[in-house]
Colleague: 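One structure follows; several queries about it will come next.
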Amino acid sequence: MIGLADCNNFYVSCERVFNPALKGVPVLVLSNNDGCVISRSPEAKSLGIAMGEPLFKLNAIIKIEGIKVLSSNFALYADIAHRVMNTISSLVPSIEIYSIDEAFINFDGIEREKVIELASQIVSKVLKNVGIPISLGLSYTKTLAKVATTLPKRNPYLKGSFLMDDWDEIDKILERIPVGDVWGIGKRSSAKLVTLGIESALKFKSESSMRVNSLMGVRGVRVWSELRGEKCFGIEENSPDKKEIRTSRTFSRGSSNHERVIEALAKFTAYSAQKLRAQGGVTSKVILFFYSSPFQNSGKVETRSIALPLERPTDNTLQLVKRVSSAALNSLTKGVVYKKVGVILSDIVKKTPLQPLLFDSGGCEKGDKLMHSLDEINAKYGRDSVVVATEGVDKRLTKREYLSPKYSTKWEDIIVVNCR
DNA sequence: TCTGGGGTCCTAGGACCC
DNA sequence: TCTGGGGTCCTAGGACCC
């Protein structure tokens, strides 16, 4: 058996842990720039507020219903997610952390009665220890476990967990699940399937593998097999290293100031490089991308991306920032308002002692030590405690008007150090 | 006026090789 | 006038996930 533990409206639940005044009332958590809704309390859901709804369309209802609105506070959510995962881990042999608020759980080799008991124990312990309500569904495959998790979410009498192992019952449940709600079937595929009359998960499951293959390719067939109880996706305990690491932001108002854009790119490079070092990797290709504002050029968004191959793979923030900022300096166009920019570290491989270049001046080891200190200081005193001067200092280009206090993570005063 | 961010995998097509 | 077959690698774009 495979379980899926899914935190209920996670971001809202996190805010509620520290602010009891948010309990029992409609609450929304917003995306960056306070742009749109990314988490809703059940009360907000029942007011008909959709996921992804832009904030500016909700002004009236927020006022009338007294909805509490919060900017997202990802440092807080990551910290609480960590506690949730640790609690689950402590009760079971192995888990796979699938996303910030979800984990697959391996229940292999545990008998049915024990599985049910353990599942409800996990639910109550996470609530008691961390204060986060979760739903836990169990079945034969990851895809079926995903389906199973939707039941305790909708039916409070299940008290948070549900074991879905009877095939007659599974089919009855699948019959009521729209095909587009199945994990792995997105908007495009579901539109295609629905026009062919394949509207429910059960109908999809009843198709032939040939038909599914011709409609959706190999990935569709995997989803189809999983719905039939055939495991295609195993539990991966050790998350594999990232193949690319990206950081990007949409600016609340857009910027045509090249200096600001370059500062932002430098910051994104530094964040990405920090993650790269954390996984012990080096990158040999950096990609910059720019989206122009849709409010210029009669709604047409111009996208540009520039790939920068590196002579030698690196994880050094200073080298990367230098490369990125000089490339950006040459590529930004005067007069264009940039709305979104980002950095992708690509072609990542494990860091190994590398052959020195023929005409290398050395100094690599020194750079490693410096990066190590940089990471240590920033881990201890908070992100951005020490930055590369190219990043500039605290010029917020994104908007967060409704931020909750830093309940569980400390964020000390900024120290500026010139690393050039 | 105002609509997020970070990932993975697959496929098709082009360039190139022998 | 006639113009092969098989393979790899890379990239861009599509689709999907939370």
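Just so we're on the same page: letters track the sequence lines, and every chain starts at 1. Quick note: numbers below take in every heavy atom, side chains included, and nothing from hydrogens, waters or symmetry partners. The shown structure was predicted, so the numbers you read here are calculated from the model rather than taken from an experiment.
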Colleague: A:Ser99 side chain: which of C:dA15, B:dG6, C:dC18 is closest?
Modeller: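 Closest nucleotide to the A:Ser99 side chain: C:dC18.
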Colleague: Give a yes/no answer on whether the side chain of A:Ser248 brings an N or O atom under 4.0 Å of OP1 or OP2 in B:dG6.
Modeller: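 Result: yes.
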Colleague: Does a side-chain N or O from A:Asn33 land closer than 4.0 Å to OP1 or OP2 of B:dG4, or not?
Modeller: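 No, because none of the side-chain N or O atoms of A:Asn33 sits under 4.0 Å from OP1 or OP2 of B:dG4.
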Colleague: Expressed in angstrom and rounded to an integer, what is the separation of A:Trp183 atom CH2 from B:dC9 atom C1'?
Modeller: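 To the nearest whole Å, that distance equals 13 Å.
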Colleague: Could you tell me whether A:Lys153 atom NZ has more than 12 heavy atoms of other residues or ligands within 6.0 Å of it?
Modeller: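 Counting neighbours around NZ of A:Lys153, more than 12 heavy atoms of other residues, nucleotides or ligands fall under 6.0 Å, so yes.
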Colleague: OP1 or OP2 of C:dC16 less than 4.0 angstrom from a side-chain nitrogen or oxygen of A:Ser189, does that happen here?
Modeller: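 Answer yes for this pair, as a side-chain N or O of A:Ser189 is under 4.0 Å from OP1 or OP2.
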Colleague: Taking atom P of B:dG4 as reference, at what distance in whole Å does atom CZ of A:Phe56 sit?
Modeller: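 Taking CZ of A:Phe56 and P of B:dG4, I get 11 Å after rounding.
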Colleague: Are A:Lys275 and B:dG6 close enough that a side-chain N or O sits under 4.0 Å from OP1 or OP2?
Modeller: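 So the side chain of A:Lys275 is outside the cut-off, no N or O lying under 4.0 Å from OP1 or OP2 of B:dG6.
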Colleague: Find the partner of B:dC18: check Watson-Crick (N1-N3 plus N6-O4 or O6-N4) and G-U wobble (N1-O2, O6-N3) distances, both under 3.5 Å, and reply none if neither fits.
Modeller: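 Checking every strand shown, B:dC18 finds its partner in C:dG5, with both distances under 3.5 Å.
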Colleague: Under 4.0 Å, counting only non-hydrogen atoms across every strand here, what does A:Val182 touch: a base, just sugar-phosphate, or nothing?
Modeller: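 The answer is sugar-phosphate, as A:Val182 gets under 4.0 Å only of primed atoms, P, OP1 or OP2.
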Colleague: Give the rounded distance in Å between these two atoms: OH of A:Tyr98 and P of B:dG6.
Modeller: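 After rounding, the gap between these two atoms is 17 Å.
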Colleague: Give the rounded distance in Å between these two atoms: CE of A:Met216 and C1' of B:dC9.
Modeller: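 Roughly 14 Å, once rounded to whole Å.
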Colleague: Between A:Lys285 and C:dT11, does any side-chain N or O lie under 4.0 Å from OP1 or OP2?
Modeller: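 So the side-chain polar atoms of A:Lys285 do come within 4.0 Å of the phosphate oxygens OP1 or OP2 of C:dT11, strictly under.
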Colleague: Indicate the ring-plane relationship of A:Tyr291 and A:Phe289, choosing parallel, tilted or perpendicular according to the 30° and 60° boundaries.
Modeller: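 Correct class here is tilted.
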Colleague: Please state whether the phosphate of B:dC10, meaning OP1 or OP2, lies under 4.0 angstrom from any side-chain nitrogen or oxygen of A:Arg222.
Modeller: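 Looking at the OP1 and OP2 atoms of B:dC10, one of them is under 4.0 Å from a side-chain N or O of A:Arg222.
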Colleague: Once you apply a heavy-atom cut-off of 4.0 Å, does A:Leu30 come out as touching a base, just sugar-phosphate, or nothing?
Modeller: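 Result for A:Leu30 = nothing.
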Colleague: Quick one: label A:Val218 by what it contacts on the DNA or RNA (base, sugar-phosphate, nothing), any heavy atom closer than 4.0 Å.
Modeller: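 Sugar-phosphate: the residue A:Val218, judged by heavy atoms under 4.0 Å, touches backbone atoms but no base.
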Colleague: May I ask you to verify if any side-chain N or O of A:Thr250 is less than 4.0 angstrom from the OP1 or OP2 atom of B:dG5?
Modeller: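 Checking B:dG5 against A:Thr250, a side-chain N or O does come within under 4.0 Å of OP1 or OP2.
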Colleague: Heavy atoms only, 4.0 Å cut-off, all strands: where does A:Ile245 land among base, sugar-phosphate and nothing?
Modeller: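 Sugar-phosphate: the residue A:Ile245, judged by heavy atoms under 4.0 Å, touches backbone atoms but no base.
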Colleague: Would you kindly give the CD1-to-P distance between A:Ile348 and B:dG7, to the nearest whole Å?
Modeller: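 Rounding to the nearest Å, CD1 of A:Ile348 and P of B:dG7 are 8 Å apart.
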Colleague: Looking at A:Arg246, does any N or O in its side chain come under 4.0 Å of the phosphate oxygens OP1/OP2 on B:dG6?
Modeller: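 False: A:Arg246 side-chain N/O out of range (4.0 Å or more) of B:dG6 OP1/OP2.
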Colleague: Report the base-pairing partner of C:dG13 (Watson-Crick or G-U wobble, both distances below 3.5 angstrom), or none.
Modeller: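 In the structure as shown, C:dG13 has B:dC10 as its Watson-Crick or wobble partner.
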Colleague: Just how far, in rounded Å, is C1' of B:dG6 from CD1 of A:Ile38?
Modeller: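 Computing the A:Ile38:CD1 to B:dG6:C1' distance gives 12 Å.
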Colleague: If only side-chain N and O atoms of A:Lys146 are considered, is one of them under 4.0 Å from the OP1 or OP2 phosphate oxygen of C:dC18?
Modeller: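 For C:dC18, OP1 or OP2 has a side-chain N or O of A:Lys146 closer than 4.0 Å.
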Colleague: Any side-chain to backbone donor/acceptor pair from A:Ser72 onto A:Phe74? Under 3.5 Å, distance only.
Modeller: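 Checked: no pair found.
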Colleague: For the side chain of A:Lys242, starting at C-beta, report the closest nucleotide among B:dT8, B:dT3, B:dC9.
Modeller: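 Taking heavy atoms from C-beta onward, the closest nucleotide is B:dT8.
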Colleague: Just N and O in the side chain of A:Arg249: are any of them under 4.0 Å from OP1 or OP2 of B:dG6?
Modeller: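 For A:Arg249, the contact criterion (side-chain N or O under 4.0 Å from OP1 or OP2 of B:dG6) is met.
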Colleague: Answer yes or no: is there a donor N or O on one side and an acceptor on the other, between the side chain of A:Asn19 and the main chain of A:Ala21, under 3.5 Å?
Modeller: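 Pair found, side chain donor or acceptor close to backbone of A:Ala21.
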Colleague: Scan A:Lys203, A:Arg176, A:Lys205 and name whichever one has a salt bridge (Lys or Arg N to Asp or Glu O under 4.0 Å) with A:Asp171.
Modeller: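 Of the listed options, the one satisfying the test is A:Lys205.
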Colleague: On DNA chain B, compare the nucleotides closest to A:Lys243 and A:Thr247; which residue's is nearer the 5' end?
Modeller: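 Comparing both residues, the 5'-ward one is A:Thr247.
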Colleague: Base of B:dC9, side chain of A:Arg219 - is there a donor-acceptor contact under 3.5 Å?
Modeller: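 Present.
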Colleague: Please report, rounded to the nearest Å, how far the P atom of B:dG4 is from the OH atom of A:Tyr11.
Modeller: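 Computing the A:Tyr11:OH to B:dG4:P distance gives 14 Å.
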Colleague: Could you tell me how the ring of A:Trp183 sits relative to the ring of A:Tyr98: parallel (under 30°), tilted (30 to 60°) or perpendicular (over 60°)?
Modeller: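 The arrangement is perpendicular - the two ring planes meet at more than 60°.
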Colleague: Specify the separation, in whole Å, of atom CD1 of A:Ile134 and atom P of C:dC18.
Modeller: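 These atoms are roughly 17 Å apart.
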Colleague: Ignoring the backbone of A:Lys339, work out which of B:dG4, B:dT3, B:dC9 is nearest its side chain.
Modeller: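 Looking only at side-chain atoms, A:Lys339 lies closest to B:dT3.
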Colleague: Need one value for A:Ser72: base, sugar-phosphate or nothing, where a base atom within 4.0 Å counts as base even if backbone is also close, heavy atoms only.
Modeller: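 Nothing, no nucleic acid heavy atom in range.
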Colleague: Taking the six-membered ring of A:Tyr271 as reference, does the NZ or CZ atom of A:Arg383 fall below 6.0 Å from its centre and within a 45° cone about the axis?
Modeller: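 Yes; both conditions hold, so A:Arg383 lies above the ring face of A:Tyr271.
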Colleague: When we call it a touch if two heavy atoms are under 4.0 Å apart, what does A:Asp101 touch: a base, just sugar-phosphate, or nothing?
Modeller: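 Since only primed, P, OP1 and OP2 atoms lie under 4.0 Å of A:Asp101, the category is sugar-phosphate.
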Colleague: Within the structure shown, what part of the strands sits under 4.0 Å from A:Glu244 by heavy-atom distance: base, sugar-phosphate, or nothing?
Modeller: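 Since a base atom lies under 4.0 Å of A:Glu244, the category is base.
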Colleague: Assign A:Gly217 to base, sugar-phosphate, or nothing according to its heavy-atom contacts below 4.0 angstrom with the strands shown.
Modeller: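 A:Gly217: no heavy atom of the nucleic acid under 4.0 Å.
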